[in-house]
2 protein chains.
Amino acid sequence: MPTSTVENYLKAVLVRSADTESVVSTGALAEALGVTPGTITTMVKSLAAQGLLEHHPREGVRLTREGRALAMAVVRKHRIVETFLVQVLKMDWKEVHGEAEALEHAISERVLARLDALLGHPASDPHGDPIPGAKSPQLDPGSGQTLATCEPQTQLRVERILDQSAPFLEFIQRTGLKPGSRVRVRERDRASGVVRCELRTGEATLGLPEAAKIEVRAT
Amino acid sequence: MPTSTVENYLKAVLVRSADTESVVSTGALAEALGVTPGTITTMVKSLAAQGLLEHHPREGVRLTREGRALAMAVVRKHRIVETFLVQVLKMDWKEVHGEAEALEHAISERVLARLDALLGHPASDPHGDPIPGAKSPQLDPGSGQTLATCEPQTQLRVERILDQSAPFLEFIQRTGLKPGSRVRVRERDRASGVVRCELRTGEATLGLPEAAKIEVRAT
DNA sequence: ATTTACTTTTTGACTACTCAAAGTTGTCAT
DNA sequence: ATGACAACTTTGAGTAGTCAAAAAGTAAAT
């Protein structure tokens, strides 16, 4: 049974690899996991020895099929737990990420299956992130468009909130933006970094960096 | 934050101490936790250094107020989680103990409070074990009577199933005994170790050792 | 072609938990 | 009292995960 540390390392690699081919730098992992670079090198070598990932020294790291499957299972648990916390326990949108971070390592497949059924086999979690299926493991199709990159003046739908840090969640909660919201970009000023959007409930103003964390799709 | 190992040690001490005064032997803990006696001695010294229990060498171990509070919180989590698994997720009575064993270390106070509310602040778990209250921490009043010790021919009610090992749970599931069941001891033969009981649904025959794991109360 | 700056890896050390095996100690029967 | 025995503790060692600091490699700028 993999330890929760191992699960966290694999998950960090997974969510940072754009596709199966790309490698993730050890520096990025150190940043993401909050440990020193030396620790990453050590762990990565051990994970590679266990066949969970390939380590290309001074290049980066790539998951093996086995490592990927394991990481995907953890992401699935995380997102189902988040959905449960919000929909059944009525917890606040912005506090569930941290809770799920702990629970994802303690939940058995059996309990997970029950939760999934209770929730009606949801396709995405409260942040709009897709929940990989039990048998069809796949991750993050995603439109690739964000409020920072989309065509202005077109009618959009918020697909996913890409950043789950509490302050950002707090911020967008005030704007009223959430998965499913209808929105249109009114104007975007690359110089000042301001994005002005219109939503059914009013107006929202946000900066370019924030806008990049909100994935949208034309409707 | 205590590690789950620490939580498990404290819980093991708690559920094995009859009262606040009694000490628990390190041998009993080694048996309970499935580690060697030397490991217990080492850990117990470390726990004592942290102020969570008192170690009286070659005598045993007793929880401090702080250790007791921590252990009680873990037991509370365990029993609420078990109740949730059975009542909400409709899981099988006999498989929830193991699941709760893992979850009890991963659940925050916030999530616990939500679960408790969702379940209507239950007083006891599916095995009949009392759930210590959030503020009024107390453990195991218990009648002290079991099918092995009670007065024969009196009308009884099953209060708690004291042994949560899967085989035993499987066994009593076949007999139909569960918390709340009405039962009367027909005959008890100390020589052969046979206890014969009458329940509304029929008869059950069990041995003395098994009978000692079923707590009852006269009605 | 060096220097400089940056990233990554190595090294030595530490904490938490564990075991096997050897060493102590308390108790109980003689 | 005196063994004998069982329970308990000590000792030495190993795994997982971590850090700080030194060493090594890479790449871009001069």
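Below, chain A is the first sequence line, B the second, and so on; all start at residue 1.
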Quiz prompt | Per-nucleotide protein contact string for nucleotides 12-17 of chain C (B base, S sugar-phosphate only, - none; heavy atom under 4.0 Å) | solution = -----S

Practice problem: Taking only Lys NZ, Arg NE, NH1 and NH2, and the carboxylate oxygens of Asp or Glu, determine whether E109(B) and R114(B) approach each other closer than 4.0 Å. | Solution: no

Quiz prompt | Presence of salt bridge, R76(B) and E104(B), under 4.0 angstrom | solution = no

Exercise. Walk along DNA chain D from 5' to 3' and tell me the first and last nucleotide with an atom closer than 4.0 Å to a non-hydrogen atom of chain B.
Key: dA7(D) to dT10(D)

Exercise. Tell me, please, which residues at least two apart from E95(B) pass side chain to side chain donor-acceptor pair (under 3.5 Å).
Key: R110(A)

Self-check item: Per-nucleotide protein contact string for nucleotides 22-27 of chain C, where B marks a base within reach and S marks sugar-phosphate only (heavy atoms under 4.0 Å, - for neither)
Solution: --BS--

Quiz item: Would you say E31(B) has more than 12 foreign heavy atoms packed within less than 6.0 Å of its CD?
Solution: no

Self-check item: Donor-acceptor side-chain pairing of D129(A) and H78(A) below 3.5 angstrom
Solution: no

Self-check item: All pairs passing side-chain hydrogen bond (donor to acceptor under 3.5 Å, both in side chains) where residues 36-46 of chain B contributes a residue, at least two apart
Solution: T36(B)-T39(B), S46(B)-Q50(B)

Quiz item: Do side-chain atoms of K77(B) reach the backbone of I107(B) as a donor and acceptor pair under 3.5 angstrom?
Solution: yes

Quiz item: Which part of the nucleic acid, if any, lies within reach of H56(B) when heavy atoms closer than 4.0 Å are counted: base, sugar-phosphate only, or nothing?
Solution: nothing

Quiz item: Do you know which two heavy atoms are closest between W93(A) and V86(A), and how far apart they sit?
Solution: CA-CG2, 4.3 Å

Quiz item: Checking all strands, does T26(B) fall into the base, sugar-phosphate, or nothing category for heavy-atom contacts under 4.0 angstrom?
Solution: sugar-phosphate

Quiz prompt | Earlier contact from the 5' end, DNA chain D, for P57(B) and P37(A) | solution = P57(B)

Quiz item: Without hydrogens or angle criteria, can the side chains of H97(B) and E99(B) be said to hold a donor-acceptor pair below 3.5 Å?
Solution: no

Quiz item: Is H55(A) near enough to dT8(C) that one of its side-chain N or O atoms lies under 4.0 angstrom from OP1 or OP2?
Solution: no

Quiz item: Just by distance, do the side chain of R62(B) and the backbone of E21(B) share a donor-acceptor pair under 3.5 Å?
Solution: yes

Quiz prompt | Heavy-atom pair with the smallest gap, counting every atom of E7(B) and P2(B) | solution = OE2-CG, 4.0 Å

Quiz prompt | Residues T146(B) and E215(B): side-chain donor-acceptor under 3.5 angstrom | solution = no

Exercise. Look at all strands and tell whether G27(A) reaches a base, only sugar-phosphate, or nothing, counting heavy atoms closer than 4.0 Å.
Key: sugar-phosphate

Exercise. Using heavy atoms and a sub-4.0 Å distance, could you list which residues of residues 29-36 of chain B are near DNA chain C? By number, please.
Key: G34(B), V35(B), T36(B)

Quiz item: Taking the side chain as C-beta and beyond, is there a heavy-atom pair between E66(B) and L52(B) under 4.5 Å?
Solution: yes

